[in-house]
2 protein chains.
Amino acid sequence: MTEDDEQMVLLRFVERFALVLREAGMPPMPARVLAFALADDADRYTAGDLARGLDVSPAAISGAVRMLVSLRLLSREREPGTRSDLYVLDDRDLWSRFMATELETLQRFEEAAASGVEVLGAHRPGGRRLAETRDFLAFLRAEMAAALARWPAERDRRAAARED
Amino acid sequence: MTEDDEQMVLLRFVERFALVLREAGMPPMPARVLAFALADDADRYTAGDLARGLDVSPAAISGAVRMLVSLRLLSREREPGTRSDLYVLDDRDLWSRFMATELETLQRFEEAAASGVEVLGAHRPGGRRLAETRDFLAFLRAEMAAALARWPAERDRRAAARED
DNA sequence: CACACTTTTCACGAGTTCGTGAAGTGTGTT
DNA sequence: AACACACTTCACGAACTCGTGAAAAGTGTG
């Protein structure tokens, strides 16, 4: 397999994975950058690396990494004496952080439902449905947070099991 | 508070709640219809009810309810001898069903990650990251499914507690 | 201090999505 | 059988999103 073939395989995967991220609400370019940083073998990238690797304009990278950094899915580092930032995908708990943003979404749902109960009144059918919604969301959010907290131990347990 | 004022309060809430649904990936009109059906006091609606209630064209309702029905968030009923379908929001486990679609998204992530491990190779850094991703997603999906299964009992427990 | 290099900002064009009005379809009524 | 009513489909216009190229800004080097 030539180097170009490998790159092709990688990019095809990137598009496939990015598509799922997009369906989950992430804009196309951040999705591609995240998928690429995850699947490519390097563990730190300059903006130029990402642009060349994905074969897109540097301008597109700029916006994408800004979003990913703000979501804490990528972190920016700077080696002293160099003129470009390095973007690092901290894979140790990348997905916990990804899910943490989902939890925030869940919380916004919950707050919206709660405010609905307030303005519409809990005694009416609509308000009662909203109250149930709010309770369910609160329950689910707590459960998810607990599950996320359990993951590191679970991961180590699995890794230890594989050692045997 | 006049009837119009109440309607205004309701519609304001609908837009607020729909916004969160949209941020979670639902198109605007289905989001509004779902929010309206949830917060308004009726428990079944004709397409016309929804169009008038939301003050949008019947055409917009048509597409929105089709999507919501296909997502099983709304169900279609037909009273014999009437010429319009009735849309029912089955609030008993509306949110479990909503979350079930989220679980499918999670599964697509998982499958995409797994296929990446296959084509890229588990021994390389990128492949290893994807394998961890796959494992995390599998863990989380199992945890969420378990939490969803616990909800009905939990809800009843809470309802019983309120009775005291 | 000017230059070389990288990244960012900006404005534009292509493509997509959304909701409407108008026409069409289906169903029950007279 | 013709009509009345409700809903659906379709094509359009408006608004938005996305990624690009060009210009600007920032940063280390000679």
Side-chain angles (χ1 to χ4, degrees), chain A residues 11 14-37 42 44-71 74-89, chain B residues 11 14-37 42 44-71 74-89:
Chain A
L11 286 186
V14 164
E15 286 302 334
R16 190 142 28 103
F17 198 81
L19 195 63
V20 186
L21 285 163
R22 290 171 60 184
E23 286 170 5
M26 187 176 288
M29 197 56 78
R32 280 196 273 268
V33 170
L34 180 60
F36 180 81
R44 47 210 337 105
Y45 305 86
T46 65
D49 293 337
L50 296 170
R52 279 185 302 276
L54 286 166
D55 195 27
V56 298
S57 75
I61 298 298
S62 180
V65 295
R66 187 172 50 235
M67 166 174 260
L68 290 172
V69 166
S70 84
L71 291 175
L74 228 48
S75 67
R76 218 189 292 264
E77 293 187 356
R78 191 59 168 269
E79 211 66 30
T82 64
R83 77 189 74 180
S84 49
D85 286 332
L86 289 173
Y87 295 97
V88 179
L89 181 143
Chain B
L11 287 185
V14 164
E15 286 302 333
R16 191 142 28 102
F17 199 80
L19 196 63
V20 187
L21 285 164
R22 290 171 60 183
E23 286 170 5
M26 186 176 288
M29 198 56 79
R32 280 195 273 266
V33 170
L34 180 60
F36 179 81
R44 47 209 339 105
Y45 304 87
T46 65
D49 292 337
L50 296 170
R52 279 185 301 277
L54 286 166
D55 195 26
V56 298
S57 74
I61 298 298
S62 179
V65 294
R66 188 172 50 233
M67 166 174 258
L68 290 172
V69 167
S70 84
L71 290 175
L74 227 49
S75 67
R76 217 188 293 264
E77 294 186 356
R78 190 61 167 268
E79 212 66 32
T82 64
R83 77 190 76 180
S84 48
D85 287 332
L86 289 173
Y87 295 97
V88 180
L89 182 142

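Quick note on labels: first sequence line is chain A, next is B, and so on, each numbered from 1.
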Self-check item: Residue among B/L89, B/L86, B/D85, B/V88 satisfying side-chain contact (heavy atoms from CB on, under 4.5 Å) with B/S75
Solution: B/V88

Exercise. Select base, sugar-phosphate, or nothing to describe what A/S62 touches, counting heavy atoms under 4.0 Å on all strands.
Key: base

Practice problem: State plainly whether the residues A/D55 and A/R52 are in salt-bridge range, i.e. N to O under 4.0 Å. | Solution: no

Quiz item: Counting only Watson-Crick or G-U wobble pairs whose two distances fall under 3.5 Å, which nucleotide matches C/dG28?
Solution: D/dC3

Self-check item: Sugar-phosphate, base or nothing in reach of B/P28, heavy atoms under 4.0 Å
Solution: sugar-phosphate

Quiz item: Taking atom P of C/dC5 as reference, at what distance in whole Å does atom CG of A/D49 sit?
Solution: 17 Å

Quiz item: Does some side-chain heavy atom of B/E15 sit less than 4.5 Å from a side-chain heavy atom of B/L19?
Solution: no

Exercise. Identify whether any heavy atom of B/R22 sits under 4.0 Å from a base atom; if not, whether one sits that close to sugar-phosphate; answer base, sugar-phosphate or nothing.
Key: nothing

Exercise. Indicate yes or no: at least one non-hydrogen side-chain atom of B/Y87 is less than 4.5 angstrom from one of B/R44.
Key: no

Exercise. Verify the contact: side-chain N or O of A/R66 to OP1 or OP2 of C/dT7, cut-off strictly under 4.0 Å; return yes or no.
Key: no

Quiz item: Between D/dC7, C/dT9, D/dT27, which nucleotide has the shortest distance from any of its atoms to the side chain of A/R78?
Solution: D/dT27

Exercise. Under 4.0 Å between any heavy atoms, over every strand shown, what does A/A47 touch: base, sugar-phosphate, or nothing? Just pick one.
Key: sugar-phosphate

Quiz item: Base, sugar-phosphate, or nothing: which does A/R32 touch, judged by heavy atoms less than 4.0 Å apart?
Solution: sugar-phosphate

Practice problem: Determine the contact category for B/S57: base if any of its heavy atoms lies under 4.0 Å from a base atom, sugar-phosphate if only primed atoms, P, OP1 or OP2 are that close, otherwise nothing. | Solution: base

